[in-house]
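Report on one structure; see the data block that follows.
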Amino acid sequence: MAWTWRFEKSDGTETQPAVEPEEFTTQGDAESWIGEVWRELLEGGVDQVRLSEDGKEIYGPMSLHEAKD
């Protein structure tokens, strides 16, 4: 099984991330990675991400912007 991220602008168009992504063998590894690099991705122009397992979308879009109160 391969877990991968799709990187998008706020309008849903795909964009290239500032940090080179990889394929992950578990959902937990994929989520840990995004937790470590989300700020770099945001600074590089990624607004939201989607997580897929073997091409099937699991969830998303998930905003990388901090929630406003």
Between atom CD of Glu53 and atom OG1 of Thr26, what is the distance when rounded to the nearest 0.5 Å? 10.5 Å
Separation of Lys9 NZ from Glu14 CD (nearest 0.5 Å): 12.5 Å
Side chains of Arg50 and Glu8: does their closest heavy-atom pair fall under 4.5 Å? yes
Grab the two heavy atoms, one from Arg6 and one from Thr13, that are nearest each other, plus how far apart they are. NH2-C, 4.2 Å
Could you pull out the closest heavy-atom pair between Asp47 and His65, with the gap in Å? OD1-NE2, 2.8 Å
Working to the nearest 0.5 Å, report the span between OH of Tyr59 and CD of Glu31. 3.5 Å
Within the distance-only criterion (no hydrogens, no angle test), does the side chain of Trp3 pair as donor or acceptor with the backbone N or O of Leu51 below 3.5 angstrom? no
Using 0.5 Å steps for rounding, measure from the CD1 atom of Ile34 to the CH2 atom of Trp5. 5.0 Å
Would you list the atom pairs, donor with acceptor, under 3.5 Å between side chains in residues 17-25 and any protein atom, with sequence neighbours excluded?
none

